[in-house]
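Presented below is the structure to which this report refers.
Remember, predicted model here, so these are calculated numbers, not experimental data. In what follows, chains carry the letters A, B, and so on, assigned in the order in which the sequence lines appear, proteins first and then strands, with residues in each chain numbered from 1. Side-chain atoms are counted along with the backbone in the values below, which use heavy atoms only and exclude waters and symmetry mates.
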Amino acid sequence: QMSSGQKDEL
Amino acid sequence: MNIFRLVGDLSHLLAIFVLLLKIWKSRSCAGVSGKSQILFALVFITRYLDLFTNFISVYNSLMKVIFIASTVATVYLMYIKFKATYDSNHDTFRIEFLVVPVGGLAFLVNHDFTPLEILWTFSIYLESVAILPQLFMISKTGEAETITSHYLFALGSYRALYLLNWIYRYYFEGYFDLIAVVAGCVQTILYCDFFYLYITKVMWGKKLSLPA
């Protein structure tokens, strides 16, 4: 994904 | 965080608790697919393995714990406490036909070939088809209790709201995750038939019954 690898969604 | 994702998460939470309360209050899991609940438990366990290693926010961690605990509790109620009311004759979907292909696909199509990423991808793909045993069971029994249809409406709405969340995040944050979006579209499309029945029937106080 284009954003940082951080998975911030549930 | 945006309104679509927040309402989506709350709709998801509502669905899980509507089902849990239905089983607890009526002391029966008639009409509910235990196989779908097992798949949902697998979805949360494989997706939230980073619960202790990757702190995002209190909200994020709290919701993860609630989702895992409530879904495991639902599986416990169905297969242990109220096992006698579990309708195994109609809950016959072969979930290995879902788990194995989804597992293979997660290995082949993912963002990063690492254990945590592959498990996350497996969880995303599995969630998109996890409701199939439940929809299959309703098609076999030909009807669903009103409370079960409310459960399905809230559950289906959550991922539809997530699609709006991803549109919002794409335009305002430049965030885009193709795997999550494609799986989310598949998941929401699977509910379309049910959404139609729910809006044309349950909304008007009728019972949800599939055309025989």
**Study point:** chain A contact via B:N165 - which portion, at a heavy-atom distance below 4.5 Å
**Key:** side chain
Practice item. Between chain A and each of B:M1, B:M63, B:R5, count heavy-atom pairs under 4.5 Å; write down the option with the most. Key: B:R5
Check your understanding: Rounded to the nearest 0.5 Å, how far does CD of B:E173 lie from CG of A:D8?
Key -> 7.5 Å
**Study point:** chain A contact via B:N54 - which portion, at a heavy-atom distance below 4.5 Å
**Key:** side chain
Check your understanding: What's the shortest heavy-atom distance between A:L10 and B:Y48, and which atoms?
Key -> C-OH, 3.4 Å
**Study point:** Lys/Arg N to Asp/Glu carboxylate O, A:E9 vs B:R47, below 4.0 Å
**Key:** no
Review point. Which atom pair, heavy atoms only, marks the closest approach of B:F55 to A:Q6?
Key: O-NE2, 4.5 Å
**Study point:** Over 12 foreign heavy atoms within 6.0 Å of OH, B:Y59
**Key:** yes
